[in-house]
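Just below is one structure, and these are the notes that go with it.
Source: prediction; values computed, not measured. Here is the naming used below: chain letters follow the sequence lines, and residue numbers restart at 1 for every chain.
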Amino acid sequence: MKLSPAYYLNEDVVGLAKDLLGKVLFTKINGQISAGIIVETEAYFGIKDKASHAYGGRRTNRTETMYSQGGVAYVYLCYGMHNLFNVVSSVKDDPHAVLVRAIEPLLGKAFMEERRNMLVTKAAISSGPGSAAKALGIDRSFNSKDLSGDEIWIEDHQIYYSDEEIVASPRVGIAYAQEHALLPWRFFVLGNKYVSKPNKV
DNA sequence: TAAATGATTGGCT
DNA sequence: GCCAATCATTTAA
């Protein structure tokens, strides 16, 4: 069930971002397990992507995590208050990553409600990268953690979406990345209410 | 050492 | 729809 370490070595990060839709992201915190189906992702294409923190080969304390071999978590603080969770992919020294932007609550919904202080029936509980991470209890202490460990991992539950249900669109919040801002590297499940806006074709 | 800024969200109008 | 909140990280001096 748990994805094998080899899965994350895929050097086609855009294809991986699409493939991660329907996979199930788990966290176990203080023995409490929660999980959600990944329904929205974005690909960050290593050193050639102006929207990536690793653009141009920039290598700092923060981005060092992305240079790891695929299969670890990259979590960083954005706008001073949101923890964004990414899956590091590809081989060592090739800083590709996939941002998980939304999940559909599957297990441990009571824990999510407690962490988000809202009912799981509200789409906003895990819609958007900051919200999805918070619902699962992910914070910066998860940065660099191995995705094949027992604190955070991803499973394949044989959930597949058809090509008609998967939509590719430009990424969100990266207007500063100029021409790269228009690349259709955001993928989401059409009609799923947990997908952040814009969520229409 | 200091200044600038962002892969956003939620509350208010 | 608009806008404030809030700080780690980066870059420049």
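In this model, no donor atom of one side chain and acceptor atom of the other lie less than 3.5 Å apart for A:His53 and A:Tyr44. Side-chain contact of A:Asn10 with A:Ser89: a donor-acceptor pair under 3.5 Å is absent, judged by distance alone.
Comparing B:dG10, B:dA7, C:dT6 against the side chain of A:Met81 picks out C:dT6 as the nearest.
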Contacts under 3.5 Å, N or O only, protein and nucleotides 8-13 of chain C:
residue	atom	partner	partner atom	Å
C:dT9	O3'	A:Arg62	NE	3.4
C:dT10	OP1	A:Thr60	OG1	2.1
C:dT10	O3'	A:Arg58	NH1	3.4
C:dT11	OP1	A:Arg58	NH1	2.2

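Between the OH atom of A:Tyr44 and the P atom of B:dA7 there is a distance of 7 Å, rounded to whole Å. For the pair A:Tyr76 OH and B:dA7 C1', the computed distance is 4 Å after rounding to whole Å. Between A:Phe85 atom CZ and B:dA7 atom C1' there is a gap of 14 Å when expressed in whole angstrom units. Taking atom OH of A:Tyr79 as the reference point, atom P of B:dG6 lies 7 Å away to the nearest angstrom. The separation between A:Met118 atom CE and B:dT9 atom C1' is 9 Å, rounded to whole Å. Going from atom NE2 of A:His180 over to atom P of B:dA7 covers 15 Å, rounded to whole Å.
Residue-level contact check: A:Ile174 touches the backbone only, with heavy atoms under 4.0 Å from sugar-phosphate atoms and none from bases. Looking at heavy-atom distances under 4.0 Å, A:Arg171 makes no contact with the nucleic acid at all. Among the protein residues, A:Arg116 comes within range of the sugar-phosphate backbone only, with heavy atoms under 4.0 Å from sugar or phosphate atoms but none that close to a base.
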- Decide salt bridge (charged side-chain N to carboxylate O under 4.0 Å, His left out) for A:Lys23 and A:Glu155; before the verdict, give the C-alpha distance in whole Å, the side-chain angles of both, and the deciding distance to 0.1 Å. CA-CA 6 Å; A:Lys23 297 293 187 292; A:Glu155 294 187 5; over 6 Å; no
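Between the side chain of A:His53 and the base of B:dA7 there is at least one donor-acceptor pair of N/O atoms closer than 3.5 Å.
Heavy atoms from other residues, nucleotides or ligands lying under 6.0 Å from CD of A:Glu114 number 12 at most.
Along DNA chain B, the nucleotide nearest to A:Leu99 and the one nearest to A:Ala124 differ in position, and the one closer to the 5' end is contacted by A:Leu99.
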